[in-house]
Amino acid sequence: MTYLWLALAFIAAAAVAGVIFARQGTRSGEARSGEARSGEAAKHWKAVALAFAALAVLTAVFDSVMIGMELFHYDASHILGLKVGLAPIEDFAYPLAGVVALPGLWMWLTRKRSGGRGDESRSAGHNLKGLVPQALLASRPVSWINTAYPFAAAMLLTTREIDWVLIVGTFYFLIPYNLAMYGINDVFDYESDLKNPRKGGIEGALLQPHLHRPMLWLAAITNVPFLLVLAFAGGPVAWISLAVSAFAVVAYSVAGLRFKERPVLDSLTSSTHFVSPAVVGLALAGADVTPGLLVLLAAFFLWGMAAHAFGAVQDIEPDRQAGIGSIATVIGARRTVRLAVGLWLVAGLAMLATPWPGPLAAVIALPYIVNCAPYWNVTDTTAARTNVAWRRFIWLNYGSGFLVTLIFILQWSLTS
Amino acid sequence: MGVLYLLSLVLGIACMLLLDHRFRLFFWRDAKAAAIVTVVGVLFLLAWDLAGIGLGIFLRGEGTIATGLLIAPELPLEEPVFLLFLVLCTMVLYTGARRLLDLIPARRRESEREREIV
């Protein structure tokens with residue numbers, strides 16, 4: 001079975017690369033009609049299919065000969081056992097991956113610069129200029145740590161050593177994960193962001209429409225390989241948590257799902273964005289599930305829900321103008337603020353039920369409650385004023401991270 | 001120590017390049033792009049081999065037609081040569097198939113024109 005998984009991982013990577021290259025290769029400029037483009041694409045994939053048919057026959061014959069000559073063999077416990085001649089079915093993965101990816105790369109490298117003067121490529125290059133800086137700005141670097149820290153802390157405290165999975169996973173949850181989360185969000189939020197002067201600075205950037213498609217591709221290219229590698233490093237629990245994590249990232253804002261516009265589901269999904277990295281870390285580290293750990297995760301989840309709900313209050317006006325729903329637009333500013341305070345309170349109280357030194361973390365809830373409480377009687381028309389508290393909130397998280405780290409160090413020294 | 005396998009591979013590669021040369025398919029159409037595709041393809045498949053070896057799935061055989069020389073544990077000298085052949089074969093087949101597909105509509109148009117004339 002192992003060989004099958006290995007083959008599927010490489011085929012998936014090859015397929016993603018092949019499709020992207022082929023699309024970029026056929027799109028050789030706006031001058032070309034859509035019909036010519038789709039004809040070109042159809043011809044490309046037909047040729048790929050023909051080439052694979054020939055390769056499959058060659059593989060069946062020559063792989064059998066090579067195995068018959070004892071050039072190589074396989075550990076029988078790792079393969080399915082299904083064979084064509086002497087060739088295990090998994091061996092067809094090599095030509096399949098090659099034929100799916102490489103012709104696409106070839107087509108992209110040899111794409112016609114229509115007009116013959118290279119104008120197309122230059123204008124395409126100009127169009128994509130600024131994509132990476134825009135994407136980085138859009139990914140809220142100030143909040144990167146909020147997803148990387150839960151992963152790294154959960155994994156390090158369980159395994160107590162820094163291995164490659166920890167480094168790769170931390171990097172993934174630091175940058176690519178946020179690129180996807182906020183990149184996808186900003187693409188599908190363009191309409192409401194346009195009416196919201198708050199975006200464009202510390203909390204996100206307006207994303208120009210011509211960068212929307214490249215942004216989505218960038219999110220896919222930077223995330224899929226990491227997800228595959230992390231899935232490879234873990235077992236079924238890690239696969240499920242990675243799948244939930246990736247689904248929450250996409251489902252939050254993508255057209256058709258837009259969980260961010262479904263009250264309650266919006267806060268649940270948003271909190272999943274921050275708690276799931278910790279769960280992935282625990283799953284990759286093979287942590288024991290204890291009641292204390294579950295209470296801790298539940299408290300973290302409530303904290304995340306409160307953070308999301310409170311953050312939505314300031315956007316009530318722009319969201320309503322753009323016809324976007326959220327927990328705050330539906331239940332109103334006042335009740336949302338009170339809900340957030342209540343959730344932080346419960347999260348703090350829950351920490352009291354965790355084993356020592358967990359209860360120390362209960363105190364972390366206090367600054368959030370104090371920060372938010374002055375808006376206890378806020379109305380929908382004054383909701384925008386909560387932005388002041390929201391800006392403080394972003395920096396409060398750094399203070400909380402500091403305290404949480406101290407508690408983790410204490411826990412480490414107590415248990416080692 | 002046998003060189004039969006290595007020799008067959010080199011011969012296969014030579015045949016692919018002859019086809020390439022005759023029909024101007026790959027290296028003889030755009031050498032730079034072809035070189036990039038070849039290097040990327042071989043490195044990708046080599047990484048796959050190494051992953052399989054690391055997981056203990058791929059085991060080298062003791063066949064008498066191979067040289068028996070290793071460039072890494074369980075990775076014989078012939079393997080990168082084989083991968084090079086596989087990439088060239090793939091690309092000759094693909095570019096050849098594209099050429100054939102391009103010919104079909106041209107012929108159909110020709111026969112339609114003939115029919116109009118008749």
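Chain naming here is simple, since letters A, B, ... match the order of the sequence lines and numbering starts at 1 in each.
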Rounded to the nearest 0.5 Å, how far apart are [atom1] of [X] and [atom2] of [Y]?
{"X": "B:Leu88", "Y": "A:Leu102", "atom1": "CG", "atom2": "CG", "result": "10.5 Å"}
{"X": "B:Phe82", "Y": "A:Phe62", "atom1": "CZ", "atom2": "CZ", "result": "10.5 Å"}
{"X": "B:Arg98", "Y": "A:Lys46", "atom1": "CZ", "atom2": "NZ", "result": "10.5 Å"}
{"X": "B:Met91", "Y": "A:Leu105", "atom1": "CE", "atom2": "CG", "result": "8.0 Å"}

With a 4.5 angstrom heavy-atom cut-off, could you sort out which part of [X] is near chain B: side chain, backbone, both or neither?
{"X": "A:Leu58", "answer": "side chain"}
{"X": "A:Ala101", "answer": "neither"}
{"X": "A:Ala93", "answer": "both"}
{"X": "A:Phe232", "answer": "side chain"}

Would B:Leu93 and A:Leu50 count as a side-chain contact (heavy atoms from CB on, under 4.5 Å) here? Give the steps. CA-CA 8 Å; B:Leu93 280 169; A:Leu50 281 174; over 6 Å; no
Is it the side chain or the backbone of [X] that comes within 4.5 Å of chain A heavy atoms, both, or neither?
{"X": "B:Ser8", "value": "neither"}
{"X": "B:Tyr94", "value": "both"}
{"X": "B:Phe26", "value": "both"}

Do [X] and [Y] have side-chain heavy atoms sitting under 4.5 Å apart?
{"X": "B:Asp49", "Y": "A:Tyr94", "value": "yes"}
{"X": "A:Leu109", "Y": "B:Val37", "value": "yes"}
{"X": "B:Cys89", "Y": "A:Leu55", "value": "yes"}

Do other residues, nucleotides or ligands put more than 12 heavy atoms under 6.0 Å from the CZ atom of A:Phe92?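 More than 12 within 6.0 Å, yes.
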Counting only heavy atoms not in A:Ile162, do more than 12 sit closer than 6.0 Å to its CD1 atom?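 Not more than 12 within 6.0 Å, no.
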Taking every non-hydrogen atom, the tightest pair across B:Ala51 and A:Phe10: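 What the structure gives for the nearest pair is CB-CE1, 4.1 Å.
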Looking only at non-hydrogen atoms, find the nearest pair between A:Thr110 and B:Arg29 and report the distance.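 Result for this residue pair: OG1-NH2, 4.5 Å.
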Test side-chain contact (heavy atoms from CB on, under 4.5 Å) applied to A:Ile11 and B:Trp48, step by step: CA-CA 10 Å; A:Ile11 288 176; B:Trp48 192 337; 4.3 Å; yes
